[in-house]
Amino acid sequence: MSTSKLSHAEAAEQFIKDEPRTDWHDETLWFVRQKRDKAAHGLPEWEKLREWASQIKDHTLSNLDNYLLEFERNANANGITVHWATDGADHNRIIFDIIQQNNIQKIVKSKSMLTEECGLNEFLHAKGIETVDTDLGERIVQFRNEAPSHIVLPAIHLKKQDVSDTFHEHLHTEKGNNDPQYLTEAARQHLREKFIESELAITGVNFAVAETGGFVVCTNEGNADMGAHAAKIHIACMGFEKMIPKAEHLSVFLRLLARSATGQPITTYSSHFHKPREGQEMHIIIVDNGRSRQLGRADFRNSLKCIRCAACFNTCPVYRRSGGHSYHTAVAGPIGSILNPNIDMRANADLPFASTLCGSCSNVCPVKIDIHDQLWKWRQVLVAEGYVDTTKKIGLQGMAFVLARPGLYRFAGKAGRAVMRMFPWLLNNKLNPWYKQREMPAPPKESFRDWYIKNKQQ
Amino acid sequence: MKVGLFIPCYIDQFYPQVGIATLQLLEKFGCNVSFPLNQTCCGQPMANSGFAALSKNCDKNFVANFRGFDYIVGPSGSCVLHLKEHLHDEQHPGEAEHIRKHVYELTEFLVDILKIEKLEASFPHKVGLHNSCHGQRGLHLSSMSERMLPAFSKPQQLLSMVKGLELTLPVRSDECCGFGGTFCVFEEAVSVKMGKDRIADHATNNVEYITGGDVSCLMHLEGILKRNGSKVKTVHIAEILNSNA
Ligand code: SF4
């Protein structure tokens, strides 16, 4: 959800103003990246696992229609009701209908980036229905009326002090008590009440298995289980790309997911749901919301292989220094920057440019998404479709014009260097973003070419 | 062996000494080097900003300048990577393909093609190596911290032959410095923050110089170092490999 109307560059600049916090954010996520490295190094077959995961996903995406129908058949046979949603509004309406039909008041929700993408909390709130996010990090940002800033670590932009202040305000904990154990205990007591009261539990889905019609939800806090086991209705929400063909494929993905996400060998709870328990209702909502359009874009379909581990966030040097909210979308980071332009090109035209194309994201991705190549390709699409700044456009057009003409290039180079030498203040001013925090290179009298002609060409 | 010397536009204009060092180095190893006089730019600044469509004429000019060489060598990993991945010329597709397949970044050329095993260079200083992303992850000049593959480094291999040079690596050995082409101006704040962090990481090793295979990264780091009055200097790897201090 967008928390600001600023572009990535503007929001990032705001974030960096608090440099100690930026450093802390950077170091915390780098620590997670290092844990990931360690865990990956512990498996000699790591690169093979990535290759298998990538191939399974490729295969699934190429046969998605069949696997989705197979899943629906098997889920129905297990007594699960399957719904299909074309977009976020559809998804929210389906949930709202279930709430109304059952006259539900108390709802708990475990982490699901899809419900964020669809704006479920806001939608229900507007109808006077409150949902309680039960993931600790999500509960914290929910209290603060913020969006998660990271898909695995939703409150990673906050420090202990911030959490303490938030809990003091909402849970009446002691002011200034920053002890993590104390704060976690307070959250636990608070959430326990919510679990016990709850009538409806909403969860995400990490993997849906076509062969069995079941699905897997991974959490570290067990909150999805607590919700789903206590409530009389369980709704699981999934983007249609969460499909995998067979249960045996879980062995590949479950090994990759947690290691990539946090460096753990496996998430603390990998809960397998196959059918409603007696007296319970179980629903699955399978959401498109632009995914079929992305599937149809040859250059970008690969992005649908994503298993939402967030390794690309943690490794991204830009993400670490700009914070998740600067991406103004539910899914931030490198993967968000290639998924979101598909949803809304105009609103998210800045995101593919929020990268140096260093390529680290593609290297860590457990399903081998060519993230940085897709960023490059999105830039071409966005420019071609006209979603780019006019100043930038004029500048680059001018540059291309000069650089295609050797004589003009040499003239401009020489003139430019002369200007820089004689009138440095022309460039060394506030309008030049390079100069704001960096010196310009010292212009030499002669170019390499001048030197070459003088010294090498007799 | 006929080698076409490719000196990227900003090196030509602002860092001629890097071009000179590259040329002298190649000549030392017996290459028959020429510098086509009408070269300009590889087209990367446009393409990375989404304007690949505008770099057609640049490409054409490049092909016109560099056809007919056995190898094309340039002291810039990112420009070389761009050419390898994106150089096309509708009128001369074969020549463009030959160039794509035979364009080399300097250290890669020295190690893989010339198979250099010793150097006469000496550079008695404490030097930090900056691995530039496009060279490292794009051209595979060295192993990458994210991948679980055996460790190697072509630049490091060459620097280890330089007399007196004490090489150090920052703790985050291959994190991006934040230059990123037009990223450095359109995302100025993040770019500078990344550069500052790279410098801080090198500074803990008390380096006198930061070196690397891409002048663009070094120019960015140099700009920050100078602004902050640091004593640390930047120097292109070609200058070190060619030095006789
Ligand atoms: S793109 Fe890859 S690294 Fe990023 S969240 Fe998805 S699976 Fe993980």
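Reminder, nothing fancy here: chain letters follow the sequence lines and each chain counts from 1. These numbers were taken from a predicted model, which means no experiment stands behind them.
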Most heavy-atom pairs under 4.5 angstrom with chain B, which of [options]?
options                               : value
A/Ala442, A/Cys358, A/Ala354, A/Ala12 : A/Cys358
A/Ser355, A/Gly359, A/Ser322          : A/Ser355
A/Pro44, A/Pro441, A/Ala384, A/Ser7   : A/Pro441
A/Arg320, A/Arg405, A/Gln34, A/Glu446 : A/Arg320
A/Glu10, A/Lys17, A/Arg33             : A/Arg33

Check B/Asn38, B/Asp12, B/Thr40 against A/Arg410 for a side-chain hydrogen bond (donor to acceptor under 3.5 Å, both in side chains) and give me the one that passes.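 Going through the options one by one, the only one that passes is B/Asn38.
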Given A/Ser360, which of B/Gln136, B/Glu175, B/Glu146 fulfils the side-chain hydrogen bond (donor to acceptor under 3.5 Å, both in side chains) condition?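 Testing A/Ser360 for a side-chain hydrogen bond (donor to acceptor under 3.5 Å, both in side chains) against B/Gln136, B/Glu175, B/Glu146 leaves exactly one candidate, B/Glu146.
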Can you tell if the side chain of B/Leu37 reaches within under 4.5 Å of the side chain of A/Tyr452, non-hydrogen atoms only?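 With C-beta onward as the side chain, the pair touches.
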Let me confirm one number: the [atom1]-[atom2] distance from [X] to [Y], rounded to the nearest 0.5 Å.
X        : Y        : atom1 : atom2 : result
A/Arg449 : B/Ile7   : CZ    : CD1   : 13.0 Å
B/Glu188 : A/Gln437 : CD    : CD    : 4.5 Å
A/Asp389 : B/Ser49  : CG    : OG    : 12.0 Å

How close do [X] and [Y] get, counting heavy atoms only, and between which atoms?
X        : Y        : answer
A/Arg379 : B/Asn48  : NH1-O, 2.6 Å
A/Thr356 : B/Gly180 : CB-CA, 3.9 Å
B/Met148 : A/Asp37  : CE-O, 4.2 Å
A/Ser447 : B/Pro16  : C-CB, 4.0 Å
A/Trp376 : B/Ala52  : CH2-CB, 4.0 Å

Residues A/Ser362 and B/Arg137: side-chain donor-acceptor under 3.5 angstrom: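 B/Arg137 and A/Ser362 do not have a side-chain donor-acceptor pair below 3.5 Å.
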With a cut-off of 6.0 Å (strictly less than), are more than 12 heavy atoms of other residues, nucleotides or ligands near [atom1] of [X]?
X        : atom1 : result
B/Phe152 : CZ    : yes
A/Lys368 : NZ    : yes
A/Lys48  : NZ    : no
A/Lys393 : NZ    : no

B/Leu23/A/Trp451 under side-chain contact (heavy atoms from CB on, under 4.5 Å): CA gap, chis, key distance, verdict: CA-CA 12 Å; B/Leu23 173 65; A/Trp451 177 90; 3.7 Å; yes
Output the option from [options] having the highest count of non-hydrogen pairs under 4.5 Å with chain A.
options                              : answer
B/Phe14, B/Phe186, B/Phe35           : B/Phe35
B/Ser132, B/Gly195, B/Ala47          : B/Ala47
B/Asn61, B/Ile11, B/Leu5             : B/Asn61
B/Ser191, B/Ser145, B/Gly178         : B/Ser145
B/Arg147, B/Met46, B/Lys226          : B/Arg147
B/Tyr15, B/Phe183, B/Phe179, B/Phe62 : B/Phe183

Counting only N and O atoms by type, is there a donor-acceptor contact under 3.5 Å from the side chain of [X] to the main-chain atoms of [Y]?
X        : Y        : answer
A/Glu47  : B/Leu149 : no
B/His220 : A/Arg438 : no
A/Arg321 : B/Ala189 : no

Quick one: what part of [X] sits under 4.5 Å from any heavy atom of chain B, side chain, backbone, both or neither?
X        : result
A/Trp30  : side chain
A/His372 : neither
A/Val388 : side chain
A/Glu27  : both

Check each atom of [X] against the heavy atoms of chain A and say whether the ones under 4.5 Å are side chain, backbone, both or neither.
X        : value
B/Val33  : backbone
B/Ser34  : both
B/Gln17  : neither
B/Met144 : side chain

For a side chain to side chain contact (heavy atoms under 4.5 Å, CB included) with B/Arg227, tell me which candidate from A/Glu439, A/Met440, A/Lys436 qualifies.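 That would be A/Glu439.
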Can you spot which of B/Lys196, B/Lys193, B/Arg172 makes a salt bridge (charged side-chain N to carboxylate O under 4.0 Å, His left out) with A/Asp26?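 Exactly one option meets the salt bridge (charged side-chain N to carboxylate O under 4.0 Å, His left out) with A/Asp26, and it is B/Arg172.
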Test B/His134 against A/Leu357 for side-chain contact (heavy atoms from CB on, under 4.5 Å), laying out the working first. CA-CA 8 Å; B/His134 286 181; A/Leu357 306 181; 4.1 Å; yes
